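To start, the structure under review is shown below, and the notes come after it.
Start at 1 and go down the list; that is how both ligands and their atoms are numbered. Since the structure is predicted, the reported quantities are computational estimates derived from the model, not experimental observations. Residue numbers count from 1 along this sequence.
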Amino acid sequence: MEHYAPDIIYIDEAAAPYPKTAEIVARLPGLPVARVKDKAEALAALQSSASRIDAGKQVLFLTTQRGRFFKKCPGTKGQICCNYYVVNFATNCHLDCSYCILQGYYENNPFITFFVNTDDLLAELDAVFSEDPTRLFRVGTGEFTDSLAMDDITEFSKIVVPFFANRSNATLELKTKSDMIANLLALDHRGRVSVAWSVNAPRRIASEEPKTATLDERLRAAARCQDAGYQIGFHFDPIFYYPGWETEYHGVIEQMFAVVRPENVSWISLGGFRYAPELKPIIRRRFPDSQILCGEFVTCADGKMRYLKPIRLEIYRSMLAKIHRYGRHIPVYLCMDSPQVWRQVYGWTPNCDRDLSHLFDPRLTI
Ligand code: SF4
């Protein structure tokens, strides 16, 4: 995988006094560092760039989170959501997958941003989890960035894993397409943390995710995390549909279970490729050779474009059947698809968060 190598670090006024800021600067010796008053001043420096998205990824912006770090996963209208909470510890990602939805979010906030006030983050989580000790929180950090791709620079895992290790009513998922696991191996996670890899067919990784770790590298990292006692998750997201898709994706499942034991799998999600219409011109402009927009798509209730329903059903049924050959009890869920599709794949529809918690509870009990 490509390690993050920014051209410059911007530090805003609020971030300057934090120890994390000095730590990160020290880990990137020789890099120019610019003090800025605020994000507006940093953005002004990008004004002459032909592509704000590309130029923004070359800037590591250290700032503080002034809003909330912790949110319920926004989900998407009309689709089943998996009762998940997200910790917004950083935004944007240098791995630059062609389909990444963050390209659409961050056209106006294009920096790779890390929030250095990590003590405030832990205090906020502590308050939320303590307020309702009987409730189980499934929490992830990979919604607005990759959970681990910059862990060599931020060492955020060393902060967040020990925190979750000591919580009885919360579990953490670190979701990644990297193999940046060195920090994790020595941490005492006490079974409260899953490390999850988004996986794809090797040809799709090469064409659409070329800066990420290869499938082999991801699976080697998964095997090492398994040996370190972590539960392992896998996300087939996005699954692309093309001639020969089934053979290639089934091959990925075979490779996965050659290295990870079914009993160590926390969950697997399935999500067909989908995109917001606003993303289409961005993908066309930035990745003119990408084939992912070819094919027939339908507009769904949330405004996103998805493969036609029979195709999604074919994908999910085929993948589910293949995964279940390795164990009927491996939790498999559909990522952001409609109640109708859930019913046709599973024979039932989750009505509420509690239904989905049942899917996960056997693995992650309070
Ligand atoms: S790894 Fe995830 S967050 Fe990073 S560019 Fe790819 S899709 Fe976006």
May I ask you to decide if the ring planes of Phe163 and Phe129 are parallel, tilted or perpendicular, using 30° and 60° as cut-offs?
tilted
Parallel, tilted or perpendicular: ring planes of Trp245 versus Tyr241, cut at 30 and 60 degrees:
tilted
shortest atom 2 (Fe) of ligand 1-to-protein heavy-atom contact is with Lys177 NZ, 3.4 Å
Determine whether Glu248 and Tyr242 satisfy the following criterion, side chain to side chain contact (heavy atoms under 4.5 Å, CB included), listing intermediate values before the conclusion.
CA-CA 10 Å; Glu248 294 192 9; Tyr242 54 93; 2.6 Å; yes
Looking only at side chains, do Thr212 and Arg218 share a donor and an acceptor under 3.5 Å apart?
yes
Which ligand 1 atoms does Asp96 reach within 4.0 Å, using its non-hydrogen atoms?
5 (S)
Is it true that Thr212 lies under 4.0 Å from ligand 1, counting heavy atoms only?
no
Mind telling me whether Tyr10 and Phe111 have parallel, tilted or perpendicular rings, with 30° and 60° as the class edges?
perpendicular
At a threshold of 2.8 Å, where the distance has to be below it, does atom 6 (Fe) of ligand 1 have an N, O or S atom of Cys97 nearby?
yes
Any idea which protein heavy atom is nearest atom 4 (Fe) of ligand 1, and the distance to it?
Cys93 SG, 2.3 Å
Parallel, tilted or perpendicular for Phe156 and Phe89, by the 30°/60° rule?
parallel
Short version for Leu102: what comes under 4.0 Å of ligand 1, heavy atoms counted, is side chain
Considering only non-hydrogen protein atoms, determine which one is nearest to atom 8 (Fe) of ligand 1 and report residue, atom name and distance to 0.1 Å.
Cys100 SG, 2.3 Å
